[in-house]
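Notes follow the structure.
These numbers come from the heavy atoms of this one structure, side chains and all, not from hydrogens, waters or symmetry mates.
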Amino acid sequence: MFYRVFLAILSVCSLSWAAEESGSQQSAFVAQSFLDAHCVSCHDGDSPEAGLSLSRASGDFEKPATVQLWQRVLEQIELGAMPPRNEPRPARADQRELSRYIVEQLARVGQRSTIGFKRRSPTYGNRLDHERLFDGSETSPAYSAARLWRLGPQAYDQVVEKLGPGVRHATAIHQPFMLDETRGTIADFAAQQFADAATLQLLMMNCETIAKYQTTGIKRREQGELHIERRTPVEFQSIVDASDPVAVEQIQAAVQYEFNQLLGRSPTKQEQTEYVDLFRRSAAIAGNVEALQTTLMAMMLQPEAIYRLEIGFGDREADGRRKLSPYELAFAIAYALTDDGPDQVRIPDVADRAGQDPDHSPNLLELAEAGKLSTSDDVERVVLAFLNAKTMAVADYRMFRDDHRIGNKRVLRFFREFFGYHHAPKVFKDAKRIGNDDQFHTERLVNDADQFVMHIFDQDQDVLRELLTSNKYFVAYLGSLEKIAEDLHYIKTNVNDQGFEFNSAYVRRAEQAGRHPIPIESASVRNYVQFYNLDPLKWDYPTQQPFPLPKRQRAGILMHPAWLIAWSGNFDNDPIRRGKWIREHLLADTIPDVPITVNAVVPEDHHRTLRDRLEVTRADSCWKCHQKMNPLGLAFEGFDDFGRHRDQEMLGEMLTIFTDRHQQAKFAAADQTGELIASGDAEIDGPVESALELVERLASSRRVQQSFVRHAFRFWMGRNETFADSPTLIAAEKAYAENGGSMKSLIASLLSSDSFIYRK
């Protein structure tokens, strides 16, 4: 009997193995047929394209060379990059079949696809076929993968401040959640943020510090005297003072308080039981105080306090997707719009606009609990209400203010990360060239650029076009006439200031001449206005801003001194990086990394113009890539590396901001011509006379608008787009266009999309 059963099992297994091998052979045949039909015409012979021959692709995945070859094929298929768009496109089903075959064969030999890892990188987003994303051919429902998204550094700072107000002034609190803020790159991608061992160590140190601050206090010595700094809630104080065993109600009250502060919600019955039990066990060993501190640390280290949980606990759809629950949505929206938890983010309603106290508006958690955060329409309504309520009306740029009270700080962070202008202070400029106050110069330029982009956002009409073409700028603006008057009063009356006599005399001279003085307390710092080609001694400061600068000199953020400095070198302009930024951020194109064998150095012969020195990039091995960058960046040679407009380029000397040093210098006409090549939008391609013409063309391009939408998607979704996100991108661009170039509508569309709301 056993023998017959064994034979029966063996025969079934043999049939199964035979079927599996037959299926594998069939898939291999399909794969080779795909290559023969769509690939080998270019990837064959002695000189195949990209050095990749596919005419006799091996199916032996045990060989490393075979694995490497199929990884390259899979990458091109998954990105929609091959076959080229001028060749017949294979059926989507065939592409999926080929991808499935490669992935299965890789898994069989213990390998994973490299494209899966690359797709997580912010620098890899543009590799996806742009036309396919916006042509409407992708109709499958969108979603994001279920994930944990670690808090960003700004959000963590808010958590610390909420748990221990003032703790940073009492002792050191470490920042465990650093981001790689590369110029022009979205920093906060969910897949790249996790709490590793070093992060957890810093978190534990911080949690211990906060727990002491909330209970017994932190000892601090100041001017020889010992101080104890603490903020002990009444719920904790009764436990700290108790000498006898603590009643369960007291422990529950402490847990309830910390949960509300930390997560904006009450603990579940199970959580209450677990933390009460932890306190009891700890108290039996170390006493009430240390038991309370241990319990507080445990609450601060739970995953929900460190990560945004985006699993999808809502209803399951027939296609396998699950909605974020209202509670998950409250957190997701809160951190998409702010750095605060959902219990702190209040959403204005109609009553608020009628004059009621906005503090009485419901917060996101209250909306979730009331069933008003369930549908896409709910989310869109909430997002628009929040964005419209936060404006630059309360911005404060007076002296010695670090918090400028800018509304919609997350929007500002997007603009900074997209354009990269906030890196201007990080670009080294020798003190002999820019003066000892270079940090003040560049930081004020960044402040000006912040006001420029956020003012355009507040206006919310043709936002991208205005960002690229408006000549109305902010320079040394403090936020209002009242704030300007306050700073001028300070300059006139603060006799203890080291430069009081000199600065107050400057104010008197300007006012006597009928000019408004610049409300900056230092003569050397007032000099920063010359980066806009303004004379700090003769300029009549406009108290109503923004104000127009000459149209023949400047237009938009790409001609703002902050952007020009951020995308310059230490001692000269950088047309290559400027062109690369335009190519990648506005044209959704890609530029390969510099080969490791190439010594990419521009000759430092300052007797020649920079354009002349860049002729080395026209070598055959270089120009294939540089033709996409140089002609774009060279259009900005009408500006020097301090962001000043110029008609002539100085030769033979190291340029400084001190014009009196260059009276004997030689000059050549600044060649500002450039060219748009292979932009993806044939209507804007061709030569340009200057950066002014370049940005006008870019601002008129549908492709540029779509590229902007793609980068906004990455920022607010925390990941790169996929083909499944095509409906989300199309809807976002449509919302932007149909609402008059409204970025608020664009953001609301993204945050109410299936890509944001659904998980799988």
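Judged purely by atom type and a 3.5 angstrom limit, K483 uses its side chain to pair as donor or acceptor with the backbone of A395. Between the R398 side chain and the L478 main chain, no donor and acceptor come within less than 3.5 Å of each other. Side-chain atoms of N206 never come within 3.5 Å of backbone atoms of I173 as a donor-acceptor pair (strictly under, hydrogens ignored). Side-chain atoms of Y275 never come within 3.5 Å of backbone atoms of L296 as a donor-acceptor pair (strictly under, hydrogens ignored). Checking side-chain atoms of D396 against main-chain N and O of G479 turns up no donor-acceptor pair under 3.5 Å. Formation of a donor-acceptor pair under 3.5 Å by the S707 side chain with backbone atoms of H585 is found in this model. S325 places no side-chain N or O within donor-acceptor distance of the main-chain N or O of G314, the cut-off being under 3.5 Å. Counting only distance, with no hydrogens or angles, the side chain of N408 and the backbone of N388 share no donor-acceptor pair below 3.5 Å. Using modelled atom types, one side-chain atom of S376 and one backbone atom of S752 make a donor-acceptor pair closer than 3.5 Å. With hydrogens and angles disregarded, no donor-acceptor distance shorter than 3.5 Å links the side chain of Q705 to the backbone of L464.
Separating the CD1 atom in I557 from the CG atom in L467 is a distance of 7.5 Å, to the nearest 0.5 Å. Distance CD/E271 to OG/S266: 10.0 Å, rounded to 0.5 Å. Separating the CZ atom in F194 from the CG atom in L200 is a distance of 10.5 Å, to the nearest 0.5 Å. K390 contributes atom NZ, which lies 8.5 Å from atom OG1 of T338 (distance to the nearest 0.5 angstrom). For the atom pair CD (E733) and CD (E738), the distance works out to 10.0 Å, reported to the nearest 0.5 Å. Atom OG1 of T442 is separated from atom NZ of K426 by 11.5 Å, given to the nearest 0.5 angstrom.
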- prompt: Please walk me through it: do V167 and T171 pass side chain to side chain contact (heavy atoms under 4.5 Å, CB included)?
  reply: CA-CA 6 Å; V167 67; T171 188; 4.2 Å; yes
**OP:** Determine, step by step, whether F236 and Y257 satisfy the side chain to side chain contact (heavy atoms under 4.5 Å, CB included) criterion, reporting the C-alpha distance in whole Å, the side-chain angles of both residues, the deciding distance to 0.1 Å, and the verdict.
**Re:** CA-CA 9 Å; F236 299 172; Y257 174 86; 3.6 Å; yes
Q. Are Q154 and Q158 close enough, and set up right, to give a side chain to side chain donor-acceptor pair (under 3.5 Å), and what steps lead you there?
A. CA-CA 7 Å; Q154 298 86 0; Q158 294 299 104; over 6 Å; no
TODO: Could you check L128 against L133 for side chain to side chain contact (heavy atoms under 4.5 Å, CB included), going step by step and ending with a plain yes or no?
DONE: CA-CA 8 Å; L128 220 57; L133 281 171; 4.0 Å; yes
Derivation of the side chain to side chain contact (heavy atoms under 4.5 Å, CB included) call for K162 and D343
CA-CA 11 Å; K162 192 177 178 186; D343 58 318; 2.3 Å; yes
Assess whether ring-ring contact (aromatic ring centres under 6.0 Å, His included) is satisfied between F708 and F414, documenting all intermediate values. CA-CA 11 Å; F708 184 70; F414 165 72; 5.7 Å; yes
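In Q201, the CD atom is not crowded: 12 or fewer heavy atoms of neighbouring residues, nucleotides or ligands sit closer than 6.0 Å. Under a cut-off of 6.0 angstrom, the local environment of NZ in K212 is sparse, with at most 12 non-hydrogen atoms contributed by other residues, nucleotides or ligands. Taking a 6.0 Å sphere around NZ of K372, one finds it holds 12 or fewer heavy atoms contributed by other residues, nucleotides or ligands. The local environment of CG in D315 is sparse, with at most 12 non-hydrogen atoms from other residues, nucleotides or ligands closer than 6.0 Å. Remark: R112 CZ is loosely packed, at most 12 non-hydrogen atoms of other residues, nucleotides or ligands lying under 6.0 Å away. K219 NZ: 12 or fewer foreign heavy atoms inside a 6.0 Å radius.
Of all heavy-atom pairs between R150 and A195, the closest is CD-N, 4.1 Å. Shown here for N288 and A242, the closest heavy-atom pair between the two residues is ND2-O, 3.5 Å. Closest non-hydrogen pair, A146 versus I311, comes out as CB-O, 3.5 Å. What you find for P546 and H455 is that their closest heavy atoms are CG-NE2, 3.6 Å. The shortest heavy-atom contact between L746 and A712 is CD2-CB, 3.9 Å. Taking all atoms of both residues into account, the shortest heavy-atom contact from Q250 to I239 is O-CD1, 3.8 Å.
Checked for salt-bridge contact, R322 and E328 miss the test: no charged N lies under 4.0 Å from a carboxylate O. At a threshold of 4.0 Å, the pair D450-R416 counts as salt-bridged, since one of the basic side-chain nitrogens sits closer than that to a carboxylate oxygen. At a threshold of 4.0 Å, the pair R280-D277 does not count as salt-bridged, since none of the basic side-chain nitrogens sits closer than that to a carboxylate oxygen.
Using a 4.5 Å heavy-atom threshold, the side chains of E290 and I285 count as separate. At a threshold of 4.5 Å between non-hydrogen side-chain atoms, the residues D448 and F452 do not count as touching. Contact of the T728 side chain with the F756 side chain is not registered, since no non-hydrogen atoms from C-beta on lie closer than 4.5 Å. Between R120 and F189, the closest side-chain pair of non-hydrogen atoms is not below 4.5 Å. R230 places a side-chain heavy atom less than 4.5 Å from the side chain of Q237. Under the 4.5 Å side-chain criterion, counting only non-hydrogen atoms from C-beta, M205 is in contact with H174. No side-chain heavy atom of V382 sits under 4.5 Å from any side-chain heavy atom of F386. The side-chain heavy atoms of P141 and E317, taken from C-beta on, include no pair separated by under 4.5 Å.
Taking the six-membered ring where the residue is Trp, Y397 and H404 present parallel rings, their angle staying beneath 30° rather than reaching 60°.
D319 and Y143 form no side-chain donor-acceptor contact under 3.5 Å, judged by distance and modelled atom types alone. Checked by atom type, the side-chain pair D725/T722 shows a donor-acceptor distance below 3.5 Å. For the residue pair Q252 / Q256, no side-chain donor-acceptor distance below 3.5 Å is found, with atom types taken as modelled. For the residue pair E380 / S749, no side-chain donor-acceptor distance below 3.5 Å is found, with atom types taken as modelled.
The side-chain hydrogen bond (donor to acceptor under 3.5 Å, both in side chains) check on E258 picks up Q214, with sequence neighbours excluded. For D340, there are no salt bridge (Lys or Arg N to Asp or Glu O under 4.0 Å) partners at least two apart in sequence or on another chain.
Because its NZ or CZ atom is both nearer than 6.0 Å to the ring centre of Y758 and within 45° of the ring axis, R321 counts as a cation-pi partner of that residue.
Between Y327 and F331, the distance separating the two ring centers is shorter than 6.0 angstrom.
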